[in-house]
Amino acid sequence: MAKDASVFCGKLGQKIAHESVTAIDDGTIENGWGSLNFDDEGNKTKKTTLIENGVLKSYIVDEMGSRQTGYEATGSGRRQSYKYAPASRMRNTYIAAGKDKFEDMIRDVDYGLYAKKLGGGLRQPWYG
């Protein structure tokens, strides 16, 4: 956000997705891969609603990003190692369960992909 390099820059409060979409980044899920009590900057992690009912509500923000943009830090400051400065990183990011039935969601789709399961950003701990 500070470098104006995201497609979401300047869109806070705007509708950016279908109204059924709510996206959350949560560092507090018990035993979650991306969960911590505190981020690498000493901030308590929390649950951050990024998109609510299709409207962009927040960003993932570390301390430096907070100082540069004025957005509240979200407990998302993470380091690759202590050789590097912290950066804003996802924790446990997901699309919240909606109210639509499966049949209703795909009824009007002419072309596209159906993804039974999505994953990404998973880092195996043995890769160091």
Any chain of hydrophobic side-chain contacts (each under 4.5 Å) joining Ile16 to Val7?
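As far as the 4.5 Å side-chain criterion goes, Val7 and Ile16 are connected within one cluster.
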Quick one: do Trp33 and Ile29 end up in the same hydrophobic cluster if we chain Ile, Leu, Val, Met, Phe, Trp and Tyr together by side-chain heavy atoms under 4.5 Å apart?
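Trp33 and Ile29: separate clusters.
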N/O donor to acceptor pairs below 3.5 angstrom from side-chain atoms of residues 52-66, sequence neighbours left out:
unit_1 : atom_1 : unit_2 : atom_2 : d
Tyr59  : OH     : Phe8   : O      : 2.9
Asp62  : OD1    : Gly65  : N      : 2.7
Asp62  : OD1    : Ser88  : OG     : 3.4
Asp62  : OD2    : Ser88  : N      : 3.2
Glu63  : OE2    : Asn43  : ND2    : 2.9
Ser66  : OG     : Tyr71  : O      : 2.7

Nearest-0.5 Å distance, NZ of residue Lys3 to CD of residue Gln68
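Lys3 NZ to Gln68 CD: 8.0 Å, rounded to 0.5 Å.
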Nearest 0.5 Å, please: how far is CD in Gln80 from CZ in Arg89?
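Answer rounded to 0.5 Å: 7.0 Å.
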For the side chain of [X] and the backbone of [Y], is there at least one donor-acceptor N/O pair under 3.5 Å apart?
X: Glu19; Y: Lys15; answer: no
X: Thr45; Y: Leu36; answer: yes
X: Asp40; Y: Arg79; answer: yes

Taking atom types as modelled and ignoring hydrogens, do the side chains of Asp39 and Ser76 form a donor-acceptor contact shorter than 3.5 angstrom?
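Their side chains do not contain a donor-acceptor pair, so the 3.5 Å distance test is not met.
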Crowding at CD, Glu72 (>12 non-hydrogen neighbours, <6.0 Å)
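Count not over threshold, so no.
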Tell me which pairs pass salt bridge (charged side-chain N to carboxylate O under 4.0 Å, His left out) where either residue lies in residues 25-34, with sequence neighbours left out.
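Salt bridge (charged side-chain N to carboxylate O under 4.0 Å, His left out) check on residues 25-34 returns Asp25-Arg91.
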Shortest non-hydrogen contact between Pro86 and Gly77, atoms and distance
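For Pro86 and Gly77, the tightest heavy-atom pair comes out as CB-C, 4.3 Å.
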Determine the minimum heavy-atom distance between Ala5 and Cys9, stating which atoms define it.
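In terms of heavy atoms, the two residues are closest at N-SG, 3.9 Å.
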